[in-house]
Colleague: 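Quick one: the structure is below, questions incoming.
Fair warning: this is a prediction, and the values are worked out from it, not measured in the lab.
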Amino acid sequence: MKRAARKNSGRPQKLGDQIQRELSDLVQRELRDPRVGMVTITSVDVSPDLSHAKVFFTILEQQKLAETTAGLKRSAGFLRSQLAKRIKLYTTPELRFVYDESVERATGFPA
């Protein structure tokens with residue numbers, strides 16, 4: 001019984017918050033891909049087994065969405081390796097980048 005209660009711990013959420021902070025810094029300071037400009041990491045959802053992380057992001061220039069997404073997907077391996085150096089885990093989650101449309105829906109601007 002106790003194991004089931006522990007399974008719903010806040011560890012994935014805490015790890016997601018830490019990954020969000022570290023990725024924001026890495027994208028701003030370390031990433032050299034010209035396709036990735038002003039990117040904001042809005043949230044990170046980590047799977048319960050900590051093996052996958054869905055990274056939600058927004059950008060200022062909507063017309064560059066396709067190339068920014070391609071740049072982030074291309075840089076996922078580099079970002080994951082840099083993340084592994086900053087966060088000590090048994091395995092670093094695989095990063096999947098997803099455009100966050102909630103900001104657009106909140107402001108009422110179409111894509």
Colleague: Once ring-ring contact (aromatic ring centres under 6.0 Å, His included) is applied, do any residues pair with F57, and if so which ones, sequence neighbours excluded?
Modeller: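 Counting only residues at least two positions away or on another chain, F57 forms a ring-ring contact (aromatic ring centres under 6.0 Å, His included) with Y99.
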Colleague: Working to the nearest 0.5 angstrom, can you tell me the gap between E30 CD and Q82 CD?
Modeller: 6.0 Å
Colleague: Tell me whether F78 is reachable from V27 by hopping between hydrophobic residues (I, L, V, M, F, W, Y) whose side-chain heavy atoms are closer than 4.5 Å.
Modeller: yes
Colleague: Search all heavy atoms of A84 against all heavy atoms of T92 and return the closest pair with its distance.
Modeller: CB-OG1, 3.2 Å
Colleague: Indicate the atoms forming the closest heavy-atom contact of D25 with R86, along with that distance.
Modeller: OD2-NH1, 2.8 Å
Colleague: How long is the span from the CG atom in L83 to the CD atom in Q18, to the nearest 0.5 Å?
Modeller: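 It is 8.0 Å, given to the nearest 0.5 Å.
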Colleague: When you look at CZ of R11, are more than 12 heavy atoms from neighbouring residues, nucleotides or ligands closer to it than 6.0 Å?
Modeller: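 Atom CZ in R11 is not crowded, with 12 or fewer foreign heavy atoms closer than 6.0 Å.
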Colleague: Which pair of heavy atoms, one from V44 and one from A53, lies closest together, and at what distance?
Modeller: CG1-CB, 4.0 Å
Colleague: State, to 0.1 Å, how close T68 and V36 come at their nearest heavy-atom pair, and which atoms those are.
Modeller: O-CG2, 4.1 Å
Colleague: What's the spacing between L15 CG and E22 CD if we round to 0.5 Å?
Modeller: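 The CG atom of L15 sits 10.5 Å away from the CD atom of E22.
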Colleague: Of all residues at least two apart in sequence or in a different chain, which pass the side-chain contact (heavy atoms from CB on, under 4.5 Å) check with S75?
Modeller: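 S75 satisfies side-chain contact (heavy atoms from CB on, under 4.5 Å) with L31, D33, L79 once adjacent residues are dropped.
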Colleague: Taking C-beta and beyond as the side chain, do H52 and R96 meet within less than 4.5 Å on heavy atoms?
Modeller: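 A side-chain contact under 4.5 Å exists here.
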Colleague: Working to the nearest 0.5 Å, report the span between CZ of R21 and CD1 of I87.
Modeller: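 Rounded to the nearest 0.5 Å, the CZ-CD1 separation comes to 8.5 Å.
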Colleague: Give me the one residue out of V39, V55, L72 that meets side-chain contact (heavy atoms from CB on, under 4.5 Å) with L23.
Modeller: V55
Colleague: When you compare the side chain of I59 with that of L65, does any pair of heavy atoms fall below 4.5 Å?
Modeller: yes
Colleague: Does a side-chain heavy-atom distance below 4.5 Å link T91 with S51?
Modeller: no
Colleague: For P93 and I19, work out which heavy atoms get closest and say how close.
Modeller: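 The answer is CG-CD1, 3.9 Å.
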Colleague: Write down the atom of V98, the atom of K54, and the distance for their closest heavy-atom approach.
Modeller: CG2-CG, 3.5 Å
Colleague: How long is the straight-line distance from CD of Q28 back to OG of S24, given to the nearest 0.5 Å?
Modeller: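 Reported value, rounded in 0.5 Å steps: 8.5 Å.
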Colleague: Using the test side-chain contact (heavy atoms from CB on, under 4.5 Å), find all partners of R74 that sit at least two apart in sequence or belong to another chain.
Modeller: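 side-chain contact (heavy atoms from CB on, under 4.5 Å) list for R74, sorted by chain: R35.
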Colleague: Measure the CG-OG1 distance between D100 and T40 for me, rounded to the nearest 0.5 Å.
Modeller: 10.0 Å
